[in-house]
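Below: one structure, written as structure tokens.
Numbers here simply count residues along the sequence, with the first being 1.
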Amino acid sequence: MSTLKNKVQLIGNVGQEPTITNLESGKKVARLSLATNENYKNSNGEKQTETNWHTIVAWGKTAEIIEKYVTKGKEIAIEGKLTSRSYENKEGEKRYVTEVIANEILLLSNAE
């Protein structure tokens, strides 16, 4: 069970075009938003959909794959780990961010 620590697997649709940053070191980083949907029936038996948004960050080869093949609307599966960090914005307010650091990606469909 030790390999199951801090492991995230998500399947969803890309919400906007991924942003790719080329660092001075030559390494690439990709950032994208991923929407996951959960369907259920409410107390009246009506179908409901709840959408959750996740920020995905990928480095190196995974970022290169995202740059080449991932576009808005595409269905993908990712596996990675959950990370949290904080920073101060321009107004000096402390902000907290939770992201998924992707180390594997699977392309599931074409953009619609």
Within the supplied structure, the quantity of interest is the number of heavy atoms (other residues, nucleotides, ligands) at a distance under 6.0 Å from Ile11 CD1; does it exceed 12?
no
Main-chain N/O of Asn44 paired with Asn42 side-chain donor or acceptor, under 3.5 Å
yes
Quick check: do Lys74 and Leu107 have side-chain heavy atoms less than 4.5 Å from each other?
yes
Are side-chain heavy atoms of Trp53 and Leu34 found at a separation under 4.5 Å?
no
Any chance the side chains of Thr49 and Asn39 put a donor and an acceptor closer than 3.5 Å?
yes
Report the C-alpha separation of Val29 and Ile20 in whole Å, then their side-chain angles, then the decisive distance to 0.1 Å, and conclude whether the side chain to side chain contact (heavy atoms under 4.5 Å, CB included) test is met.
CA-CA 6 Å; Val29 61; Ile20 309 297; over 6 Å; no
Salt bridge check: are Arg95 and Glu88 linked by an N-O gap of less than 4.0 Å?
no
Non-hydrogen atoms of Ala102 and Thr62 that approach each other most closely
O-CG2, 4.2 Å
Shortest non-hydrogen contact from Ala58 to Ala63?
O-CB, 3.4 Å
Side chain proximity check, Thr55 to Val100, heavy atoms < 4.5 angstrom:
no
ILVMFWY cluster, Ile78 and Ile65 together (side-chain gap under 4.5 Å):
yes
Heavy-atom nearest pair, Asn13 first then Gly73, reads ND2-O, 3.1 Å
Does CD in Glu24 sit with more than 12 non-hydrogen atoms of other residues, nucleotides or ligands closer than 6.0 Å?
no
Are Leu106 and Tyr69 connected, step by step, through hydrophobic side chains (Ile, Leu, Val, Met, Phe, Trp, Tyr) whose heavy atoms are closer than 4.5 Å?
no
Check Glu17 against Thr71 and note the closest heavy-atom contact, atom names and distance.
OE1-CA, 3.7 Å
Side-chain donor-acceptor pair present, Thr36, Asn52, cut-off under 3.5 Å
no
Determine, step by step, whether Arg85 and Glu99 satisfy the side chain to side chain contact (heavy atoms under 4.5 Å, CB included) criterion, reporting the C-alpha distance in whole Å, the side-chain angles of both residues, the deciding distance to 0.1 Å, and the verdict.
CA-CA 8 Å; Arg85 62 183 173 88; Glu99 301 167 320; 3.0 Å; yes
Search all heavy atoms of Lys94 against all heavy atoms of Ser86 and return the closest pair with its distance.
CE-OG, 3.4 Å
Quick check on side-chain contact (heavy atoms from CB on, under 4.5 Å): which of Ile56, Ile66, Leu10, Val14 does Ile76 satisfy it with?
Val14
Do Lys81 and Lys7 make a side-chain contact, defined as non-hydrogen atoms from C-beta onward lying under 4.5 Å apart?
no
Can you get from Leu82 to Trp59 by hopping between Ile, Leu, Val, Met, Phe, Trp and Tyr side chains that sit under 4.5 Å apart?
no
Answer whether the closest heavy-atom distance between the side chains of Lys28 and Lys61 falls below 4.5 Å.
no
